[in-house]
Amino acid sequence: MIFSVILWFLIVTTIASGHECERPCTQGDVRTCMYEFHLQEYHTLGRACYSCPQELSDCARPECIAADGVSRPLLAVNRQLPGPAIQVCEGDRIVVDVYNGQLSDTETIHWHGQHMRDHQYYDGVPFVTQCPILGAFRYDFIAANPGTTFWHSHSGLHRAEGVFGALVVRQAEDVQAETYDVDAFENVLVLQDWLHTTAFDKFMGRHQSTLDDYATTLLINGKGRNTAAEIEGLEVFAVPRETVAVTPGLKYRLRLINAAALNCPVIVSVDRHPMTVIATDSHNNIPITVESLVIYSGERFDIVIEANQPIGNYWIRFNGLVDCEQNFCHQGAILRYEGAAIEEPKEPLEYSSEYPPGTVLNPLNSVDGENELTLVDVDSFAPNSLPANVDKQFYLGFDFNRINNTLLYNSEFYPYDQVSEEWKINTPQMNDISFIFPDSPPLSQPEAPMPNLCKYGETPSCEGDYCSCTYVLEVALGETVEFVLVDQGNIGDENHPFHLHGYSFGVVAMGKLGRFVWD
Ligand SMILES: *[C@@H]1O[C@H](CO)[C@@H](O)[C@H](O)[C@H]1NC(C)=O
């Protein structure tokens, strides 16, 4: 009896990561979940790593960030990449104390996909919902929106430097429970693009010099191989890959999160295992089975795969598109059956921008291709509650514009049209307006002056051809609002994910009228 109690205790503690809120969700068990986020400037392959990556066993040491075996500075929460996962149950109270240990920079954390009803001031957007954090700050909110999502820095380029992590809110009663057998805490896969310089170098090199904005590689839960080693002339180290362990005969729920900072949609597929998509962006859908899907930055897909193939190791493949295409950014995680050898799958792992044979969900720049499904084709589980008529409609045209952006040019000394082609960079804008942060957060200081404010339909202030303001779209409480998002197609076949804090979208239509007009 004593033995079995001890054994039970061991099993429970090894399955959970250690946080008391990481637990199976049951009706009535509502907890307060406390976390400490210590943010600091840090380094991959630092002191904690001893002889990693030459000595691979050292890569698993506490506080060692091995990443892809390449040394670079980063920003880390609790000396982890990704930062700590928050996995709770619907209705739990999440309390996160953020200690900003940076030398001089401020911080805010956004809880993506949490609508923050009644906790708007914890949404984490600097100068919009709060003053940025200098010392320490407590976020305190209810996990009211179930589903797979993530938290990330909303300050500067910090998300690209490593400040993000999973945020999963499970339910005691899951309408999709029939579709899978296992929903394990470790089966959350956070994808990210990764650079071998800092994001500051990349961003400044792109905007103020002639460098590119391409990613170097992809990481899965902070792990992977340097797939750009050949381009860079670097040695590849066999640092650990992410592995998903499965027992034959069972169905596994995998939670995919794309935390990429650059414009890197990622094609995801699993060798010999079709994926049944059961939720997208925290919303359950009528299950659909596809061979691959494209996940854009900020998006999440919950998929189910059935371990019904011969015992072995199979690649979970990630192939980057757009800004991840130039350096052939790809990565592999391993789907490992119980009883399989501890080795890599035999199939080659190479970059491909092609969709694998079969059906692809959410393809890039396509709306009605053969074997292609868009999110308009995905049926929501919840009945459609959208009213037939809308109260307000906003037209939001977006594009890159050829203008004398004062942050990049000086129309007296080096205007747009007088610099050579390699120095020309176009300015991304919405309705031909660039965003300016308010001087103080309107949420906490509504009476403070907003000198740069301009409202939808009004003409903003411009310097020459460069217009910028704090652009405000006003709605009344309870109104149904329709956004018409139009890629104006001036320059290139650009694509971009859209995300609205505090709300979910119902996608009612999608279309494509043609290709871009100017090259
Ligand atoms: C930028 O400024 C220059 C100098 O004032 C002007 O000639 C030019 O038309 C402006 N616009 C662009 C796109 O260069």
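For the numbers below, each heavy atom of this structure counts, side chains included, while hydrogens, waters and symmetry mates do not. Start at 1 and go down the list; that is how both ligands and their atoms are numbered.
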### Task
May I ask you to check whether Y139 and F137 place their ring centres under 6.0 Å from each other?
yes
### Message
With a 4.0 Å heavy-atom cut-off, what residues sit around ligand 1?
### Response
R402, N404, S411, P415, Y416, D417, D465
### Task
Look at the rings of F483 and F505 and say which category their plane angle falls in: under 30° parallel, 30 to 60° tilted, over 60° perpendicular.
perpendicular
### Sequence-distant partners of D465, salt bridge (Lys or Arg N to Asp or Glu O under 4.0 Å), two or more places apart
none
### Ring centres under 6.0 angstrom apart (H501, H154)
yes
### Message
Just to verify, what does N426 make a side chain to side chain donor-acceptor pair (under 3.5 Å) with, not counting sequence neighbours?
### Response
Y416
### Task
Please identify each residue that fulfils salt bridge (Lys or Arg N to Asp or Glu O under 4.0 Å) with D123, with sequence neighbours left out.
none
